[in-house]
Amino acid sequence: MLTVTLLDAHLARCSSARHLLQIHAQFVASGLLADAFAASRLILFTTSTRLLPLPFHHSLRLLHVVHRPNAFSCNMVLKAAREHGLPHLCLPLYASMSAAPDCYTHTILAAACATRRAIEEGRQVHCHAVRHGFGRNLYLANALMSMYSACGCLGDARKVFDAGPVWDAVSWNTILAAYVQAEDVDQAVGVFARMPERGAAAVSSMVSLFGRRGMVDEARKVFDGVERKDVFTWTAMISCFQRNGKFAEALALFSDMRGEGWPVDEAVMVCVVAACARLEVTRNGEMCHGLAFRAGLGSRLNVQNALIHMYSSFLNVVAARRLFDSGQCLDQFSWNSMIAGYLKNGSVKDAKELFTVMPDKDNVSWTTMISGCVQNDQSSEALTIFNNMQAQGIKPDEVTLVSVISACTNMSSLEQGKSMHEYIREHQYTITVILGTSLIDMYMKCGCLESALEVFDTMEERGTPCWNAVIVGLAMNGLVMKSLDMFSEMESSSTATPNEITFTGVLSACRHAGLVEEGQHFFKLMQHKYHIIPNIRHYGCMVDLLGRAGYVKEAENLIESMPMSPDVPAWGALLGSCWKHGDNEVGERVGRKLVNLDPHHDGFHTMLSNIYASEGMWQHVKDLRGSMKQWHVPKIPGSSVVESSLPL
DNA sequence: TTAGGGTTAG
């Protein structure tokens, strides 16, 4: 005869599916089906055991044969349904419950609605709970807040919070997480400040939020302020560095974390591998790969995906493909990363092959193919793929549209560009900074200034990139003064700050128009007012500007003062100016340097030999000719005269 | 029995 005590004893010793089925049979045979408490013991065991392949189905069958199951039994089965990927079965199950729900039931149901993002059913659960008198239950309130936040109904989550009883740490963390998820920095900061205690969970949330919004210093401050860090806090901070381009800092912090004896888990490994990928230091990456293996994380899907991405960015598609092929079960990340890897390596054909056999192509897969084609000079193919994507009913997002527009820009196809703009209007996409910038860029490159400015004028939010697109675009189209006017307007706007690209635009505008004084003004302005260190392009512009205007010595001084080694175009521009303005002294120095720097560039040989010729240094001319691959007729002004006067 | 935080692809 099986009793509850005996049943418990059996279950405690149960170690195989066969044994469990025997207990089950005995349970039915002994009539314990009528004992709700005994049934709940067995159901609890079946929902939490790993002995059965389908624990949920087993517990559900049990529930159906038990005579009068209690609320506890039902709760356990509901919980099992949610945890085993069947949350949609929870509400039907609840509707068929014979037992009266208890204070835990609606909590589980709310959680199930949260996983399904089922707001309407979630509200019904809320009503039912109130009707049953559990409206002020703390656990239920926490679950409801979490449900509303998962469904994007922040206002409702806040209402529950404001109406709430006394809150515990979970409540505070839940409402904080709601604002973090919505990326509402102001509200999150407000909640964080009001929290009675700021534990590791809250800190992780805040660090991750700041990280996503590019507020690295704020994240660091919060991170440094917490005494009891855990793996989550460390991961959040490492991820913050990683996603904001501070890869070396991410690796250094990871090293600190390990120095303090923290174990390495899957998530932190993924972040660190991603940092290695972006840092593009092969040795670091291989060390991380080794570490992941030693930590027993080598076969974790997410780690493998991060490694596929890493080896792709090291241009080692073979290693990436080996990982891809060795994966037991691949997900979207694996496929999309591998396809992106081929495209980054210029293997459009391999990418296409993989893309064709990929089972479920999502919008990232399509966008990867589109932007990959654009990057590999196959813009027209990119448009074809975009059409196929629409035919498949996949909705393009902002990144997709930007890629397609850049395909139009590359092809200088105003017609296609316009129809993309039309598509954006028709489907009522918000013209964000990134989308607006790509439209302005497209219109500018197609010479359609009016449309470019129209997009700019109608934009609600004007960040730095769209100002840059206008300033650079106007300069490119020869509207130099208008471009400089826009720069002044940008300076007085509150939503944008000039950056490196802005000054590339204004300096090249000055260069096109030969505005030496203005150019020098901007070159100083960028350094003194905006603390921007000029890059090689800025220097190149200034050298060319000064040289063309005849300030050859000043140009030479500037090129000599550059903190980086000047590139061939900069030296070449100066040499051209020397020749044009007949400054043979500087010209000879520069010419010699260039001929050494780029021995295969016949144009430089020609120019230098012209300079020697005009000085009557014929031996030098002969020596130079001897080192040239072939003699080109010089393409510079006056050169034919020099050519014909050579005494051969 | 119930609730909260970190992760990778375009």
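We name chains A, B, ... by the order of the sequence lines, and we start the count at 1 in each one.
Remark: A/Asp325 engages A/Arg321 in a salt bridge, criterion side-chain N to carboxylate O under 4.0 Å. Salt bridge annotation for A/Glu381-A/Lys352: present, with a cationic side-chain nitrogen under 4.0 angstrom from a carboxylate oxygen. Between A/Arg116 and A/Glu121, at least one side-chain nitrogen of the basic residue sits less than 4.0 Å from a carboxylate oxygen of the acidic one, meeting the salt-bridge criterion.
Evaluated for a side-chain contact (heavy atoms from CB on, under 4.5 Å) with A/His289, the options A/Val273, A/Val303, A/Leu307 yield exactly one hit, A/Leu307.
Taking only side-chain atoms of A/Asp265, from C-beta outward, the nucleotide of B/dG6, B/dA9, B/dG5 with the closest atom is B/dG6. For A/Asn302, counting side-chain heavy atoms from C-beta on, the closest listed nucleotide (B/dT7, B/dG4, B/dG10) is B/dT7. For A/Val270, the listed nucleotide lying nearest its side chain is B/dT7; candidates were B/dA3, B/dT7, B/dT1. Looking at the side chain of A/Ala111, the nearest of the listed nucleotides B/dA3, B/dG10, B/dT7 is B/dA3.
Residue A/Ser146 places at least one side-chain N or O closer than 4.0 Å to OP1 or OP2 of B/dG4. Residue A/Arg82 has no polar side-chain atom (N or O) positioned under 4.0 Å from OP1 or OP2 of B/dT1. Contact annotation: A/Ser239 does not reach the phosphate of B/dG6 (side-chain N/O to OP1 or OP2, under 4.0 Å).
A/Thr400 comes within 4.0 angstrom of a nucleotide base, judged by non-hydrogen atoms across all strands. Residue A/Arg243 is in sugar-phosphate contact alone, with no base atom involved, counting any heavy-atom pair closer than 4.0 Å across all strands shown. Using a 4.0 Å heavy-atom distance criterion, A/Val231 is classed as a base contact. As judged by a 4.0 angstrom heavy-atom cut-off over every strand, A/Ser204 is placed among the base-contacting residues. Heavy atoms of A/Thr107 sit under 4.0 angstrom from primed sugar atoms or phosphate atoms, though from no base atom. Within the nucleic acid shown, A/Gln242 comes within 4.0 Å of sugar-phosphate atoms alone, with no base atom in reach, counting heavy atoms only. Note on A/Thr235: a base of the nucleic acid sits closer than 4.0 angstrom, heavy atoms only. Within the nucleic acid shown, A/Ala306 has no heavy atom closer than 4.0 Å to any nucleic acid atom.
The separation between A/Asn173 atom CG and B/dA3 atom P is 14 Å, rounded to whole Å.
Per the stacking criterion (ring centres < 5.5 Å, plane angle < 30°), A/Phe232 does not stack onto the base of B/dG6.
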Run the numbers on A/Met206 and A/Val189 for side-chain contact (heavy atoms from CB on, under 4.5 Å), then give the verdict. CA-CA 8 Å; A/Met206 289 306 289; A/Val189 168; 3.9 Å; yes
